[in-house]
**Student:** 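To start, I am sharing the structure in question, which I have written as structure tokens.
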Amino acid sequence: MPELPEVETVKRTLNELVVGKQIERVTVHLPRIIQRPSDIQAFAFELAGHTIVGVERRGKFLRILLDGLVLVSHLRMEGRYGLYAADEAVEKHTHVIFHFNDGTELRYKDVRQFGTMHLFNTGEDLISAPLHKLGLEPLDAAFTVEALQGAVGRRSTSIKAALLNQAYVVGIGNIYVDEALFRAGIHPSRAANSLTTEQFTLLHKAIVGVLSESVAAGGSSVKSYVNGQGDSGSYQHQLQIYGRKQEPCVVCHTPVEKSVVAGRGTHYCPKCQPTV
DNA sequence: AGAAGTTCTCGGGCGC
DNA sequence: TGCGCCCGAGAACTTC
């Protein structure tokens, strides 16, 4: 489901909804979600009594900060959070519930069951898997053209695969990689190490532009994404290439093509994004 | 039937 | 031959 703009939006809504709440107990209905600690009882026991003090984001991961603990959560394809009153019926696919001492609960739902949670003591999460080897944050000031080119410019793989690799740059997924490559006029199959500095300049501007515009719109709701309050984003209405197979290109009116690049469904304009 | 917004693991290929 | 890196394919699961 979520890429950087969607996770950023969930982060912001959770900061509105759950900061200051104290966890009374935790129930886990699908143990597979909990990756650390390996003992599910220990996961629930360690969280009990702790208060949420803030929510941050690293790449596509949420970092739920508590007093002395950090819960690292990845939504993968379909994970979502919602705040409920304790007496509301528990919906299907609800796998983890954080019961607060004020009669509300934060529920984690995930139809495809791909999401993960890792619990750490404060200070340990950023230096441990799965966060320790993540790449550049594309909306940080340190994300310059030079940094982008340095991160992916020597890869022989496709530029699309390189941008999807979270070890180089974080937060870009299948929607925004197609959007950014379209905006930059670069074919997704081009070898990353074949791009010119001029093209990296265009690509850098496209990545920052697409992601920041989507954050401002609350993310994209293509299929199932909602933020922590059940609201949809609106950037799906501004997508220029993703999901537009066979529709006329918004720039040149050539029909948009769809193929598979980097193992993912890939949209591009054959005229605006030449192979060479 | 096949694909869906993700990422981890595995094995082959290549270069030292 | 051995090791390490890099890269692509397949797998995890449910829904439409």
Side-chain angles (χ1 to χ4, degrees), chain A residues 1-11 29-36 57-62 72-81 91-96 108-118 128-135 151-182 188-194 207 210-211 214-215 217-227 232-246 258-267:
Chain A
M1 168 185 82
E3 306 180 33
L4 185 151
E6 292 76 37
V7 179
E8 177 67 21
T9 302
V10 172
K11 181 200 87 176
H29 296 112
L30 185 67
R32 174 181 24 224
I33 301 287
I34 312 303
Q35 303 281 309
R36 186 181 196 276
R57 180 189 60 74
R58 175 76 172 101
K60 301 175 191 173
F61 291 86
L62 290 165
V72 175
S73 170
H74 198 302
L75 278 40
R76 291 293 184 98
M77 300 290 271
E78 306 242 8
R80 55 171 78 178
Y81 280 101
E91 295 161 299
K92 198 175 176 184
H93 306 300
T94 298
H95 305 313
V96 183
Y108 177 75
K109 295 201 304 175
D110 187 342
V111 168
R112 293 178 69 181
Q113 309 179 7
F114 287 168
T116 59
M117 295 183 191
H118 294 75
S128 312
L131 300 186
H132 64 313
K133 288 183 178 171
L134 291 178
V152 304
R154 302 210 288 192
R155 304 292 150 188
S156 62
T157 191
S158 67
I159 185 62
K160 172 158 180 168
L163 292 176
L164 289 175
N165 190 328
Q166 304 296 299
Y168 308 148
V169 180
V170 298
I172 302 172
N174 205 36
I175 293 179
Y176 298 107
V177 71
D178 281 7
E179 291 297 313
L181 288 169
F182 172 71
S189 294
R190 284 283 304 278
N193 62 10
S194 75
I207 291 169
V210 165
L211 293 179
S214 183
V215 168
S220 302
S221 297
V222 169
K223 186 185 166 205
S224 63
Y225 163 75
V226 291
N227 69 20
S232 302
S234 68
Y235 195 73
Q236 67 274 16
H237 302 304
Q238 297 178 62
L239 297 176
Q240 308 251 287
I241 196 81
Y242 184 86
R244 290 180 174 271
K245 180 184 177 184
Q246 293 180 340
K258 184 181 180 190
S259 66
V260 175
V261 178
R264 314 291 300 279
T266 299
H267 308 76

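Letters A, B, ... are given to chains in the order of the sequence lines, protein chains preceding strands, and every chain is numbered from 1.
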**Student:** Return the 5'-most residue of the pair A:Arg155, A:Gly263 with respect to DNA chain C, ranking by each residue's nearest nucleotide.
**Tutor:**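 Counting from the 5' end, the first nearest nucleotide belongs to A:Arg155.
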**Student:** May I ask you to say what A:Ser156 touches in the nucleic acid, namely base, sugar-phosphate or nothing, with a heavy-atom cut-off under 4.0 Å?
**Tutor:**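 It contacts sugar-phosphate atoms only.
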**Student:** Please report, rounded to the nearest Å, how far the P atom of C:dA12 is from the CD1 atom of A:Ile33.
**Tutor:** 16 Å
**Student:** Hey, which sits more toward the 5' end of DNA chain B by its nearest nucleotide, A:Arg112 or A:Pro130?
**Tutor:**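 Nearer the 5' end of the strand: A:Arg112.
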**Student:** Does any part of the side chain of A:Val215, heavy atoms only, come nearer than 4.5 Å to the side chain of A:Leu4, both counted from C-beta?
**Tutor:**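 In short, these two side chains touch, coming nearer than 4.5 Å.
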**Student:** How long is the straight-line distance from OG1 of A:Thr94 back to CZ of A:Arg80, given to the nearest 0.5 Å?
**Tutor:**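 Between A:Arg80 CZ and A:Thr94 OG1, I get 10.0 Å after rounding to 0.5 Å.
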**Student:** Quick one: A:Met77 CE to C:dC13 C1', roughly how many Å, whole number?
**Tutor:**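 After rounding, the gap between these two atoms is 10 Å.
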**Student:** Is there a donor-acceptor pair under 3.5 Å between the side chain of A:His95 and the backbone N or O of A:His93?
**Tutor:**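 Confirmed, A:His95 side chain pairs with A:His93 backbone.
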**Student:** In whole Å, I'd like the distance from the CG atom of A:Asn165 to the C1' atom of C:dC6.
**Tutor:** 10 Å
**Student:** CG of A:Leu4 versus C1' of B:dT6: gap in Å, rounded?
**Tutor:** 14 Å
**Student:** Both distances below 3.5 Å, Watson-Crick or wobble geometry, any strand: find the nucleotide opposite C:dG2.
**Tutor:**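 Its partner is B:dC16.
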**Student:** Take atom CG of A:Leu62 and atom C1' of B:dT6, then tell me their distance rounded to the nearest Å.
**Tutor:** 14 Å
**Student:** Roughly how many Å is it from CD in A:Glu78 to P in C:dA12, rounded to a whole number?
**Tutor:** 18 Å
**Student:** Taking B:dC10 as the reference, what is the distance to C:dC13 when you measure between their P atoms (whole Å, please)?
**Tutor:** 16 Å
**Student:** Round to the nearest Å and state the distance from A:Ile159 atom CD1 to C:dG8 atom P.
**Tutor:** 12 Å
**Student:** Checking contacts here: which listed nucleotide (C:dG8, B:dT7, C:dC13) is nearest the side-chain heavy atoms of A:Gln166?
**Tutor:**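 Looking only at side-chain atoms, A:Gln166 lies closest to B:dT7.
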**Student:** Using a cut-off of strictly less than 4.0 Å, decide whether A:Arg264 has a side-chain nitrogen or oxygen near OP1 or OP2 of B:dT6.
**Tutor:**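 For B:dT6, OP1/OP2 do have a side-chain N/O of A:Arg264 under 4.0 Å.
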**Student:** Select one nucleotide: of C:dT15, C:dC13, B:dT6, the one nearest the side-chain heavy atoms of A:Gln113.
**Tutor:** C:dC13
**Student:** Does A:Tyr168 put a side-chain nitrogen or oxygen below 4.0 Å from OP1 or OP2 of C:dC7?
**Tutor:**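 For C:dC7, OP1/OP2 do have a side-chain N/O of A:Tyr168 under 4.0 Å.
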**Student:** Whether A:His93 contacts C:dT15 is assessed here as follows: a side-chain N or O lying under 4.0 Å from the phosphate OP1 or OP2. Is that the case?
**Tutor:**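 For C:dT15, OP1/OP2 do have a side-chain N/O of A:His93 under 4.0 Å.
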**Student:** Would you say A:Thr157 reaches C:dG8's phosphate, i.e. side-chain N/O to OP1/OP2 under 4.0 Å?
**Tutor:**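 Answer is yes, contact under 4.0 Å.
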**Student:** I want to verify a distance call: between C:dT14, B:dT7, B:dA3, whose nearest atom is closest to the A:Lys258 side chain?
**Tutor:**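 When the side chain of A:Lys258 is considered, B:dA3 is the closest of C:dT14, B:dT7, B:dA3.
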**Student:** Just to be sure I understand the rule, does A:Arg32 reach a base, reach only the sugar-phosphate, or reach nothing, if contact means heavy atoms closer than 4.0 Å?
**Tutor:** sugar-phosphate
**Student:** If I take atom CG in residue A:Leu134 and atom P in nucleotide B:dT7, what distance separates them, rounded to the nearest angstrom?
**Tutor:** 9 Å
**Student:** Which part of the nucleic acid does A:Gly173 contact within heavy-atom distance under 4.0 Å: base, sugar-phosphate only, or nothing?
**Tutor:**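 Here A:Gly173 touches the backbone only, sparing every base.
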**Student:** Indicate whether OP1 or OP2 belonging to B:dT7 is found under 4.0 Å from a side-chain N or O atom of A:His74.
**Tutor:**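 It does, given that an N or O in the side chain of A:His74 lies less than 4.0 Å from OP1 or OP2 of B:dT7.
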**Student:** Do A:Ser73 and A:Tyr108 get their side chains close enough for a donor-acceptor pair, meaning under 3.5 Å?
**Tutor:** no
**Student:** Please name the pair of heavy atoms, one in A:Gly115 and one in A:Asp110, separated by the smallest distance, quoted to 0.1 Å.
**Tutor:**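 Result for this residue pair: N-OD2, 2.8 Å.
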**Student:** Looking at A:Thr9 and A:Gly219, what are the two nearest heavy atoms and their distance?
**Tutor:**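 Taking A:Thr9 first and A:Gly219 second, the nearest heavy atoms are OG1-N, 3.9 Å.
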